[in-house]
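Below is one structure, written out as structure tokens; comments come after it.
In this chain, numbering begins with 1 at the start of the sequence shown.
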Amino acid sequence: MSTNGWKVRPQIIRKALSQSHVAPNLDAAARAAFAWPAMRRELLGDGPEDWNIGRLAADRHAAGPRASRAALRWLPREGEARDITFRELRLASNRFANALAGLGLRKGDGLFVLAGRIPELYFGVLGGLKAGLTVTPLFSAFGPEPIRTRVELGRGRVLLTTESLFRRKIAPILPRLPSLRHVVVVAEGGSGGVLPGTRDFAQLMEAASDEFDGAPTASEDRSLLHFTSGTTGTPKGAIHVHGAALTHYATGKFALDLHDDDVFWCTADPGWVTGTSYGIIAPLLHGVTSIIDEADFDAERWYRILEEQAVSVWYTAPTAIRMLMKSGAELARQRRHPRLRFVASVGEPLNPEAVWWGQEVLGLPIHDNWWQTETGGIMIANTAAMDIKPGSMGLPLPGTEALIVRRDADGRVLPVETPDTEGELALRAGWPGMFRGYLDQDERYRKCFAGDLYLSGDLARRDGDGYFWFVGRADDVIKSAGHLIGPFEVESALMEHPAVAEAGVIGKPDPVVGEVVKAFVSLKAGIAADAALRTALLAHARKRLGAAVAPKEIEIVAGLPRTRSGKIMRRLLKARELGLPEGDLSTLEGGA
Ligand code: ATP
Ligand code: MG
């Protein structure tokens with residue numbers, strides 16, 4: 001399988017080889033039988049219609065056989081795990097909903113939650129949804145300015161945060177948050193009393209009833225306001241509605257294959273849409289236990305969690321997988337995870353090397369899936385029963401129609417039927433989880449649609465079997481000597497070298513060919529960046545991709561700039577290379 005250190009892999013992983021003993025939820029019969037009305041009945045039953053995501057998620061399993069099962073298993077940074085049962089989650093979120101109502105907050109008011117992954121974050125988000133507020137979880141590593149702009153844009157009325165975050169990040173900007181009426185603070189024992197100008201979370205909870213009678217919520221009522229990752233520019237605020245619960249439910253069942261007794265771990269922070277749709281809502285709707293790890297990424301800790309918590313379904317991201325790959329197979333082999341049966345990834349293209357790493361190191365391939373903040377839930381996926389073509393995002397889920405489109409000379413958007421043709425990835429509008437607007441940017445929202453097609457801004461192609469392949473974001477695609485080059489293809493080829501940990505590829509303006517391809521590459525631990533390696537990488541890329549597509553330049557760097565949600569920021573690589581303004585850096589990892 002190896003020539004001069006480069007690996008040559010088969011094109012397909014057949015599922016007959018998989019180890020899973022659990023019958024997948026989505027087999028051919030379920031795919032053929034899928035219909036949204038039946039899904040809706042499964043989720044809502046025959047009772048009065050109430051789409052409230054907070055109630056559906058926190059209350060659906062709070063009585064009956066799962067009431068005393070752990071809904072959340074919280075792993076603090078240090079110390080003992082704490083289980084929060086479905087019953088407790090219902091009561092705690094009821095209390096917070098009552099506390100919000102007691103503060104005079106009403107349906108549609110904005111609740112911002114700025115906290116690390118602690119139980120209060122989950123009570124806050126679910127309680128806020130129950131009370132009908134529009135909820136925005138913010139990533140706790142944001143600096144004061146990105147927090148301020150988001151709270152201001154979202155006209156936040158109430159903020160739930162922690163004592164230390166309040167001191168460091170909120171107190172300095174409080175005078176510049178005119179829309180904010182209340183700040184609720186989770187005490188951490190440092191203040192010796194309630195901070196001036198704030199409410200104490202524990203006191204509010206104690207004073208509130210644990211029964212909450214919210215008015216039924218309509219499917220079109222606003223639920224969450226989520227900011228995008230800012231990979232291509234200034235983050236946009238995507239508005240979601242309660243009816244999205246149906247997308248969360250269906251995708252939890254079919255894309256993540258959640259089964260009754262699963263232990264599920266979504267590693268995303270609720271500050272990003274993956275961390276709410278799948279880190280909070282979908283597993284609760286299905287009554288499975290979710291692992292919540294307070295700590296940041298650490299390879300050894302992560303392998304330990306997989307083993308000790310007996311995680312069965314794991315949803316993570318390419319950046320985390322690449323970091324695990326970087327940390328070496330030895331570390332992985334020190335741990336066992338016999339219950340792990342399904343692994344999925346989202347957020348960035350998943351290089352074939354990463355799919356194979358899963359197969360070889362975890363004994364399971366990694367299932368890539370594709371979606372966006374705007375789509376609210378998974379749209380295209382490699383599901384449990386499918387054969388995997390490493391490098392492909394998989395097939396559209398049932399109930400989702402995905403197309404490849406192009407504009408003709410008159411600007412009309414037309415579907416491309418010919419297989420393997422690149423074009424923009426579009427979705428037929430109307431799925432329940434679709435965003436309903438960009439905050440304060442109506443024109444931008446309208447431009448995302450051509451008739452009833454939602455245009456994703458990503459370029460892809462569909463092969464003869466219907467599998468979708470990511471090419472690149474429309475903004476990142478490189479035009480060179482009449483070719484359209486997707487950075488993903490070039491990056492994946494470079495990743496095949498055992499020395500390469502990560503690659504980011506951009507186009508550099510060139511007077512002759514338009515743009516030339518330049519690659520930035522970071523190496524695995526302990527590997528020296530010498531001229532021989534650079535030459536070997538250039539030669540391999542040329543052999544693998546052809547001279548027209550291969551990079552002309554390779555720069556070896558210590559690390560690549562990425563968003564806090566873990567995406568390579570190619571726009572920043574390009575701006576820095578060309579000496580151009582760096583643009584919005586609010587989501588840059590390690591930034592202010
Ligand atoms: P912004 O819109 O602010 O630039 P963003 O698009 O990165 O940020 P998200 O909504 O978090 O914000 O990310 C969605 C995007 O992530 C997709 O449009 C796509 O470009 C990329 N993406 C997500 N999953 C995949 C995947 N499986 N394969 C390839 N790309 C993916
Ligand atoms: Mg986007």
Side-chain angles (χ1 to χ4, degrees), residues 1-2 6-20 24-28 30-31 251 254-257 314-318 321-322 325 341-371 378-398 400-404 416-425 427 456 458-473 484-496 503 544-546 549:
M1 294 282 263
S2 158
W6 296 91
K7 294 181 204 117
V8 183
R9 312 280 203 178
Q11 300 293 309
I12 197 154
I13 298 177
R14 299 261 176 222
K15 273 306 166 51
L17 303 175
S18 117
Q19 311 272 304
S20 183
N25 287 331
L26 188 64
D27 55 14
R31 205 176 257 283
T251 52
F254 292 134
L256 298 178
D257 198 41
W314 189 31
Y315 195 22
T316 188
I321 295 164
R322 289 194 298 261
M325 291 165 76
R341 64 172 181 83
F342 187 73
V343 185
S345 159
V346 72
E348 277 197 297
L350 185 68
N351 312 91
E353 272 310 301
V355 178
W356 283 108
W357 172 86
Q359 181 77 12
E360 287 159 12
V361 175
L362 300 174
L364 299 164
I366 299 179
H367 296 73
D368 186 23
N369 60 51
W370 176 93
W371 60 291
I378 303 167
M379 299 281 109
I380 297 177
N382 288 283
T383 59
M386 277 167 58
D387 291 340
I388 295 181
K389 299 186 186 184
S392 160
M393 308 188 287
L395 297 172
L397 286 172
T400 303
E401 190 188 341
L403 307 88
I404 300 295
V416 177
E417 302 299 344
T418 321
D420 301 315
T421 312
E422 280 162 19
E424 187 165 357
L425 175 56
L427 300 162
S456 71
D458 286 347
L459 300 187
R461 61 194 157 76
R462 181 178 47 200
D463 71 16
D465 298 326
Y467 282 62
F468 282 75
W469 298 76
F470 184 78
V471 172
R473 292 162 182 271
L484 208 63
I485 302 171
F488 177 49
E489 186 186 10
V490 182
E491 290 160 9
S492 290
L494 291 167
M495 291 273 300
E496 287 167 12
R544 187 78 172 59
L545 301 164
V549 175

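Looking only at distances, no side-chain donor or acceptor of Asn369 sits under 3.5 Å from a matching main-chain atom of Gly394. Checked by atom type and distance alone, the side chain of Asp257 pairs as donor or acceptor with a backbone atom of Asn25 at under 3.5 Å. For the pair Ser456 (side chain) and Leu425 (backbone), a donor-acceptor distance under 3.5 Å is present.
You'll find the side chain of Arg462 reaches within 4.5 Å of the side chain of Ile404, heavy atoms only. Put simply, the side chain of Val355 does not reach to within 4.5 Å of the side chain of Asp368, judged on heavy atoms. In this structure, the side chains of Val490 and Leu545 come closer than 4.5 Å at one or more pairs of heavy atoms. Residues Tyr315 and Ile378 form a side-chain contact, since some pair of their non-hydrogen atoms from C-beta on lies under 4.5 Å apart. Side-chain contact check for Leu364 versus Trp314: every heavy-atom pair is 4.5 Å or farther apart.
Note that CD of Glu353 and CD of Glu360 are 8.0 Å apart. Values are rounded to the nearest 0.5 Å. Atom CZ of Arg31 sits about 9.5 Å away from atom CZ of Phe254, to the nearest 0.5 Å. Of the inter-residue distances, the one linking Asp465 atom CG with Lys389 atom NZ reads 3.5 Å to the nearest 0.5 angstrom. Distance CE/Met379 to OG1/Thr400: 4.5 Å, rounded to 0.5 Å. In this structure, CG in Leu350 is found 6.0 Å from CD1 in Ile366, a value given to the nearest 0.5 Å. A distance of 7.5 Å separates CG in Leu403 from CD in Glu417, rounded to the nearest 0.5 Å.
Listed by chain and number, the residues in a ring-ring contact (aromatic ring centres under 6.0 Å, His included) with Phe342 are His367 (sequence neighbours excluded). For Trp357, there are no side chain to side chain donor-acceptor pair (under 3.5 Å) partners two or more places apart in sequence or in a different chain. With sequence neighbours excluded, no residue satisfies side chain to side chain donor-acceptor pair (under 3.5 Å) with Ser345.
Of all heavy-atom pairs between Pro365 and Gln359, the closest is CD-OE1, 3.0 Å. Of all non-hydrogen atoms in Ala402 and Pro396, the two that sit nearest each other are CB-CG, 3.8 Å. Of all heavy-atom pairs between Lys15 and Thr383, the closest is NZ-O, 3.3 Å. Listed here is the closest heavy atom pair of Ser392 and Asn382: O-ND2, 2.9 Å. Counting all heavy atoms, side chain and backbone alike, Asp387 lies closest to Tyr467 at O-OH, 2.6 Å. Of all heavy-atom pairs between Arg461 and Val471, the closest is N-CG2, 4.2 Å.
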Checklist entry - side chain to side chain contact (heavy atoms under 4.5 Å, CB included) between Ile13 and Trp356: does it pass, once the steps are laid out? => result CA-CA 9 Å; Ile13 298 177; Trp356 283 108; 3.7 Å; yes
Next on the checklist: Between Asp458 and Trp370, is the side chain to side chain contact (heavy atoms under 4.5 Å, CB included) condition met? List the steps.
Outcome noted: CA-CA 10 Å; Asp458 286 347; Trp370 176 93; 2.9 Å; yes
